Amino acid sequence: MGRATQGLYLNPGQPLRAVRPARRGAFPASRLHQEGQGMTTPINYLGYAKTGHEFAVCEDLEEQGISAWAGRVIRWKRAGKKRRPEPHEEPALPNYIFMALDDRSFHAALGTRFLASTFVLLGPGDRRDLSKFQNIVEREYEKQDRIRRNAELPKAEFSPGQEIEIIGGPFAEKIGTFRRIVERSNQLFPKLEAEIEGIRLQLDPLDVRRFG
């Protein structure tokens, strides 16, 4: 991946700081987490994976007992003449693999297929930025995954006039009556229309279940 990562941004305008290439067998002197102490090694290295193989590389590293993170994002793409876009999982930062390496696992990681043998040591500021970025990515993934699960729900789960219980959102714990499924081309997933206390509302299907 070259000898520098000046073009790597975790957030716009916030490049990784104090990044320098790692020497084989070189580790930060201040590393406190060691296997011999029964603790885990924090993410401390950045690797470069072949395009399209980021998740496979992470899986191979995990099988070797090495913690690795590429970050997953769900992007919605419309293919051909399909009415709605479909979800596709992609790495948060294409090609980049963040790893937790100690003296033993460093050399094991070097032989991982589709992973370049040049690793970059992350400085303290880099690790702080990465932690913030991981939180952002994982929150967004959970949000998009909820949308995906909604889109995959069977549409014939409820019958008109059937009583339903609201289990999430601002109307949680209320009982209503199912009316119909509302589908619009500009929405990623169908909404459920129900009547609650005389008011018609459109609800997130994951916030509803059969009553009784």
Side-chain angles (χ1 to χ4, degrees), residues 8-14 43 49 51-59 61-62 67-100 127-212:
L8 175 60
Y9 288 78
L10 298 184
N11 277 314
Q14 294 183 0
I43 286 180
T51 301
H53 295 273
E54 295 90 347
F55 298 146
V57 167
C58 282
E59 289 175 7
L61 290 169
E62 294 285 352
S67 295
W69 187 85
R72 290 176 182 263
V73 295
I74 298 175
R75 304 195 191 282
W76 295 83
K77 300 178 180 180
R78 183 177 281 104
K81 296 182 180 180
K82 291 188 177 180
R83 184 182 179 190
R84 284 194 173 84
E86 296 181 341
H88 297 268
E89 289 197 6
E90 301 175 359
L93 292 171
N95 302 117
Y96 293 110
I97 307 293
F98 296 90
M99 303 169 288
R127 295 196 294 271
R128 286 193 296 270
D129 287 346
L130 175 61
S131 179
K132 295 175 185 177
F133 181 67
Q134 284 178 301
N135 290 333
I136 293 171
V137 169
E138 288 165 7
R139 284 198 303 269
E140 182 62 20
Y141 181 89
E142 290 174 1
K143 175 183 173 182
Q144 296 301 321
D145 186 50
R146 181 180 178 89
I147 293 174
R148 174 171 59 183
R149 287 184 287 122
N150 260 323
E152 294 171 349
L153 280 178
K155 299 174 185 177
E157 186 174 349
F158 303 105
S159 302
Q162 181 178 3
E163 283 195 322
I164 56 174
E165 180 182 3
I166 317 303
I167 58 175
F171 300 98
E173 301 183 0
K174 291 186 178 293
I175 306 300
T177 303
F178 171 75
R179 296 185 60 84
R180 64 187 180 116
I181 295 292
V182 178
E183 294 187 82
R184 293 191 173 91
S185 59
N186 63 342
Q187 293 178 334
L188 291 177
F189 62 91
K191 296 284 185 149
L192 185 149
E193 185 176 293
E195 187 171 314
I196 302 174
E197 298 176 352
I199 302 173
R200 290 189 186 183
L201 302 168
Q202 290 188 9
L203 306 170
D204 184 330
L206 289 179
D207 288 338
V208 174
R209 68 182 176 190
R210 287 190 178 92
F211 177 67

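Positions are given from 1 along the sequence. Nothing here was measured: the structure is a model prediction, and the numbers come from that model.
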Ignoring hydrogens, what is the shortest heavy-atom contact between [X] and [Y]? Give both atom names and the distance.
{"X": "Ala194", "Y": "Ile164", "result": "CB-CD1, 3.6 Å"}
{"X": "Ile97", "Y": "Ala68", "result": "CG2-CB, 4.2 Å"}
{"X": "Trp76", "Y": "Gln144", "result": "NE1-OE1, 2.8 Å"}

Original post:
Would Arg146 and Asp207 pass as an ion pair if we require N to O under 4.0 Å?
Top reply: yes
Original post:
Is any side-chain N of the basic residue among Arg72 and Glu54 closer than 4.0 Å to the acidic one's carboxylate O?
Top reply: no
**OP:** List the steps and the verdict of side chain to side chain contact (heavy atoms under 4.5 Å, CB included) for Tyr141 and Val73.
**Re:** CA-CA 6 Å; Tyr141 181 89; Val73 295; 5.8 Å; no
So, taking the atom named [atom1] in [X] and the one named [atom2] in [Y], what distance separates them when rounded to the nearest 0.5 Å?
{"X": "His88", "Y": "Arg148", "atom1": "NE2", "atom2": "CZ", "result": "11.0 Å"}
{"X": "Phe211", "Y": "Thr177", "atom1": "CZ", "atom2": "OG1", "result": "10.5 Å"}
{"X": "Glu173", "Y": "Ile167", "atom1": "CD", "atom2": "CD1", "result": "11.0 Å"}
{"X": "Glu193", "Y": "Arg200", "atom1": "CD", "atom2": "CZ", "result": "5.5 Å"}
{"X": "Glu165", "Y": "Ile175", "atom1": "CD", "atom2": "CD1", "result": "4.5 Å"}

Original post:
Do side-chain atoms of Glu195 reach the backbone of Leu201 as a donor and acceptor pair under 3.5 angstrom?
Top reply: no
**OP:** Measure from the side-chain N and O atoms of Gln162 to the backbone N and O of Ser159, and report whether any donor-acceptor pair falls under 3.5 Å.
**Re:** yes
If we only count heavy atoms from C-beta on, is the [X] to [Y] side-chain gap below 4.5 Å?
{"X": "Arg127", "Y": "Ile43", "value": "no"}
{"X": "Phe133", "Y": "Leu93", "value": "yes"}
{"X": "Ile199", "Y": "Phe171", "value": "no"}
{"X": "Leu203", "Y": "Ile166", "value": "yes"}
{"X": "Trp69", "Y": "Cys58", "value": "no"}

Original post:
Between the side chains of Glu138 and Gln134, does any donor sit under 3.5 Å from an acceptor?
Top reply: no
Subject >> Qualifying residue for side-chain contact (heavy atoms from CB on, under 4.5 Å) with Ile74, from Glu140, Lys143, Glu89 >> reply: Glu89
